[in-house]
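Structure record follows, encoded as structure tokens.
Along the sequence shown, residues carry numbers from 1. Scope of the values below: all heavy atoms of this structure, side chains included, with no hydrogens, waters or symmetry mates.
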Amino acid sequence: LANAKLFILHGYPGESWADDLITAADNPYLTVVKANINGNWMIPSVQSAAVDKVLSVLSQANPENLTFYQQNANEYKARITAKETEIKSKFAKAGVSTINVIASARQADFLQWAGFDVVASFNSPQELTPQRVQELVDSGKTSRVTLVVNNLQDGQDAGKAIAHEIGAANLNLSNFPGGFTNTATWEKAIDYNVTLLLNAIK
């Protein structure tokens with residue numbers, strides 16, 4: 001950062017560490033931009049919105065390369081659209097709309113996009129008090145939940161006890177590339193999440 005001209009952040013609360021890093025870099029020529037795209041970035045439409053934001057930032061910072069940035073953005077967004085079609089087809093064939101789920105709040109919108117019926121959600125593991133766990137267990141039994149999904153970055157297997165109580169499958173999904181081995185890109189990360197889900201519901 002001491003030599004950089006541009007620093008692009010997601011803009012989510014967990015990036016508060018960046019403030020100290022920027023201060024330590026002591027670079028008066030550094031421009032800091034927060035993308036601030038709402039929603040789960042694993043969802044294709046949100047990922048595309050992020051591409052548009054990054055394209056805008058790069059184009060303003062380096063207008064002489066606008067054509068290059070635009071071409072790459074268009075190519076990537078085309079891959080996002082193709083990946084969404086592919087994944088939606090897989091989920092439709094698997095009949096996920098009939099599967100009731102309890103999920104981490106950070107995975108709920110992704111699962112809803114995928115077509116699952118999210119009947120309840122929970123926040124961080126620290127908020128899973130005995131009373132809240134019992135409420136989720138009761139909801140899971142009433143709604144015949146067969147899958148409990150955790151967010152890898154919030155703590156693995158946060159809902160494991162809930163899944164055990166209701167006899168449901170339990171798994172972790174990642175909200176970011178790199179959460180699992182060989183998932184360095186968005187495409188690889190979402191493919192891995194999809195594979196985990198499809199294997200869990202077989």
For the [atom1] atom on [X], are there more than 12 heavy atoms of other groups (residues, nucleotides or ligands in this structure) within a distance under 6.0 Å?
| X | atom1 | result |
| --- | --- | --- |
| R144 | CZ | no |
| D19 | CG | yes |
| E127 | CD | yes |
| Y12 | OH | yes |

Is [Y] close to [X] at the side-chain level, that is, under 4.5 Å between some pair of heavy atoms?
| X | Y | result |
| --- | --- | --- |
| L196 | F180 | yes |
| L197 | F110 | yes |
| V194 | F91 | yes |

Which atom names give the shortest non-hydrogen contact between [X] and [Y], and what distance separates them?
| X | Y | value |
| --- | --- | --- |
| L147 | A200 | CD1-CB, 4.0 Å |
| N175 | Q153 | N-OE1, 3.0 Å |
| V46 | N40 | CB-O, 3.3 Å |
| V148 | G159 | CG1-O, 3.6 Å |

Problem - ILVMFWY network linking V145 to L111, side-chain heavy atoms under 4.5 angstrom - result: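 V145 does not cluster with L111.
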Practice task
Treat each ILVMFWY residue as a node, draw an edge where side-chain heavy atoms are under 4.5 Å apart, and state whether V149 and I43 are in one component.
Solution key: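 Yes, it is one cluster - the side chains of V149 and I43 are joined through contacts under 4.5 Å.
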Problem - Mutual orientation of the aromatic rings belonging to H10 and F176 [parallel < 30°, tilted 30-60°, perpendicular > 60°] - result: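 Ring orientation, 0 to 90° scale: perpendicular.
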Problem - Parallel, tilted or perpendicular: rings of Y76 and W186 (30°, 60°) - result: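 Correct class here is perpendicular.
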Exercise for the section: Applying side-chain hydrogen bond (donor to acceptor under 3.5 Å, both in side chains), name anything that partners N150, two or more places apart in sequence or on another chain. Expected result: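 In terms of side-chain hydrogen bond (donor to acceptor under 3.5 Å, both in side chains), with neighbours along the sequence ignored, N150 is linked to N170, N172.
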Exercise for the section: Sequence neighbours left out, what passes side-chain hydrogen bond (donor to acceptor under 3.5 Å, both in side chains) with W41? Give chain and number order. Expected result: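 In terms of side-chain hydrogen bond (donor to acceptor under 3.5 Å, both in side chains), with neighbours along the sequence ignored, W41 is linked to no residue.
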Exercise for the section: Check whether any side-chain N or O of N100 sits under 3.5 Å from a backbone N or O of V119 as a donor-acceptor pair, and report yes or no. Expected result: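 No; zero donor-acceptor contacts below 3.5 Å.
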Practice task
For residues 187-199, pull every pair meeting side-chain hydrogen bond (donor to acceptor under 3.5 Å, both in side chains), keeping only residues two or more places apart or in separate chains.
Solution key: R79-E187, K83-D191
